[in-house]
Amino acid sequence: MPPALAVLRAALRRTHSRPAPSAPPPPTRLTTTRTTDPDHLAAYRRLCGFPAGHATLPLTYPHVLAFPLSMRLMTARDFPLPLLGLVHTSIEIDQYKPLRPTEELHLSVRTTALTPHRRGTEATLLTEAASADGELLWQSRSTYLARHKTRPTSTASAPRTEPESAPEPESAHAPAPAPAPAPGENWQLPAGLGRRYASVSGDRNPIHLHAFTARPFGFPRAIAHGMWTAARCLAERERGETRTPTHTHAPTHTRIEFKAPVPLPTTVTYSTPTPHTFELRSPQGKLHLTGATGPTDAPP
């Protein structure tokens, strides 16, 4: 059975899963060892806009290397949330040392938290990349939201973000006017972007592929992968940093929040309101993504 069909079959077996409010995260921890395929890395760089020929891996690339582990974890029987409809809401990345394309990476993925949310339940996945001798080089924390009905008396936390793949909530009141975008760079995103990123990343969620596969999930058109928008913004930052003499490989912390879906095709505007923040908006000023970077502490 092709891998994509196997994942879909596993996901369909568990579409009605819902954890108890006090359920602990499952103990499963998956590991693997990966080395970078030069052709795959080159394709990823081209699609996301990272400069070619760099001596280090793009900041988001370990997420792609570990994605098969994440899929296995989220389709395992002990994972308490249904894969179909799961929404990527944020990612935090700590990079402690530059990652070289030639080095072997020991990858691991596990669930560290299940958090009540006013729209359902949010899971936090921790992904780590270590050297052959066990030194932690890179880690990320991704939050994924499973939407379901919650009790009116629930103490679910207020949402940190609007999910990158959730339809806009309806409101009885007219929305406040969107702020004008900061001066920035316009990007034209083609209709087939989701299919192209799926072929590189392995993330073949139907909401990203075609309009007809996105409609059953409430989207009139396919939407861009949140991790492509994140990578494209970080690639633009990387291009700017390599043009300055102050560019270093100091440990960094990056947090990205996916605020609203990016329908395809479309035009978006990338801007940097401050030297350490960036955002992605529609031409009308609607906020799709926010990000911030800064120094990080030493690895735990």
Side-chain angles (χ1 to χ4, degrees), residues 3-4 6-11 13-14 17 19 23-37 40-41 44 57-97 99 103-115 117 121-146 163-165 197-198 200-205 208 225-228 230-231 234 253-258 296 299-300:
V7 168
L8 180 60
R9 182 178 179 180
R13 286 201 305 262
R14 307 177 58 254
S17 174
T28 303
R29 179 177 180 268
L30 301 179
T31 63
T32 191
T33 300
R34 294 286 304 272
T35 53
T36 299
D37 176 83
H40 183 267
L41 176 59
Y44 181 82
L57 295 179
L59 183 64
T60 47
Y61 193 67
H63 178 90
V64 175
L65 291 178
F67 186 74
L69 282 185
S70 299
M71 291 299 294
R72 282 176 52 199
L73 186 78
M74 291 188 284
T75 54
R77 293 186 180 278
D78 65 349
F79 189 73
L81 304 179
L83 179 62
L84 291 182
L86 207 59
V87 174
H88 199 179
T89 55
S90 71
I91 185 169
E92 293 186 61
I93 300 174
D94 290 291
Q95 180 161 296
Y96 304 111
K97 288 187 177 181
L99 303 181
E103 68 184 309
E104 184 179 75
L105 294 178
H106 293 252
L107 304 171
S108 67
V109 179
R110 60 189 172 95
T111 308
T112 60
L114 294 173
T115 308
H117 187 286
T121 302
E122 197 170 58
T124 301
L125 266 61
L126 173 66
T127 302
E128 295 178 322
S131 64
D133 59 4
E135 181 184 10
L136 182 61
L137 305 175
W138 179 103
Q139 68 177 4
S140 73
R141 288 180 173 83
S142 284
T143 55
Y144 295 91
L145 174 65
E164 62 96 2
S165 58
Y197 186 77
V200 171
S201 68
D203 184 353
R204 293 179 174 82
N205 189 324
H208 303 305
H225 291 76
M227 284 307 298
W228 180 88
L234 291 170
H253 175 82
T254 300
R255 176 172 176 82
I256 294 173
E257 296 184 353
F258 305 112
T296 191

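One is the number of the first residue; the rest follow in order along the sequence. All heavy atoms count here, side chains included; hydrogens, waters and symmetry mates do not.
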Any heavy-atom pair between the side chains of T115 and T121 that's under 4.5 Å? no

Rounded at 0.5 Å granularity, tell me how far OG in S131 sits from CG in L136. 9.0 Å

Determine whether L105 and T33 make a side-chain contact, defined as any pair of heavy atoms from C-beta on separated by less than 4.5 Å. no

Going by atom types alone, do S201 and D203 pair a side-chain donor with an acceptor below 3.5 Å? no

Residue pair Q139 / T127, side-chain donor-acceptor N/O under 3.5 Å: no

Minimum heavy-atom separation for H225 to A198, with atom names? CE1-N, 4.0 Å

Can you tell me how far the CE atom of M74 sits from the CG atom of L69, to the nearest 0.5 Å? 10.5 Å

Side chains of T112 and P25 in contact at under 4.5 Å (non-hydrogen atoms): no

Between CZ of R141 and OG of S90, what distance do you get to the nearest 0.5 Å? 11.0 Å

On the 0 to 90° scale, with breaks at 30° and 60°, tag the H63-H88 ring pair as parallel, tilted or perpendicular. parallel

Pair E135-Y96, side-chain donor/acceptor within less than 3.5 Å: no

To the nearest 0.5 angstrom, please state how far the OH atom of Y144 sits from the OG1 atom of T124. 10.5 Å

Stepwise side-chain contact (heavy atoms from CB on, under 4.5 Å) test for W138 and L59: CA-CA 9 Å; W138 179 103; L59 183 64; 4.0 Å; yes

Ignoring hydrogens, what is the shortest heavy-atom contact between P27 and D78? Give both atom names and the distance. CD-OD2, 4.3 Å

Heavy-atom side-chain proximity of T28 to T111 below 4.5 angstrom: no

When you check the gap from the basic side-chain N to the acidic O, do R255 and E92 get nearer than 4.0 Å? yes

Can you confirm whether Q95 sits close enough to K97 that some side-chain heavy atom of one is under 4.5 Å from a side-chain heavy atom of the other? no

Side chains of L145 and L86: does their closest heavy-atom pair fall under 4.5 Å? no

Mind checking whether V64 and Y197 have side chains closer than 4.5 Å, heavy atoms only? yes

Quick one: pull up CD in E103 and CZ in R34 and give me the separation to the nearest 0.5 Å. 14.0 Å

Are Y44 and T60 close enough that a side-chain donor and a side-chain acceptor fall under 3.5 Å? yes

Please test L57 against T36 for side-chain contact (heavy atoms from CB on, under 4.5 Å), starting from the C-alpha separation and ending with a verdict. CA-CA 9 Å; L57 295 179; T36 299; 3.8 Å; yes

Taking all heavy atoms of I256 and all of L234, pick out the closest pair and write down the distance. CD1-CD1, 4.0 Å

Which value, rounded to the nearest 0.5 Å, describes the distance between T143 atom OG1 and I91 atom CD1? 9.0 Å

Using a 3.5 Å distance criterion without hydrogens, assess whether the side chain of D37 forms a donor-acceptor pair with backbone atoms of H40. yes

Over all heavy atoms of both residues, which pair between I93 and S140 is shortest? Give the atoms and the distance, please. CG1-CB, 4.0 Å

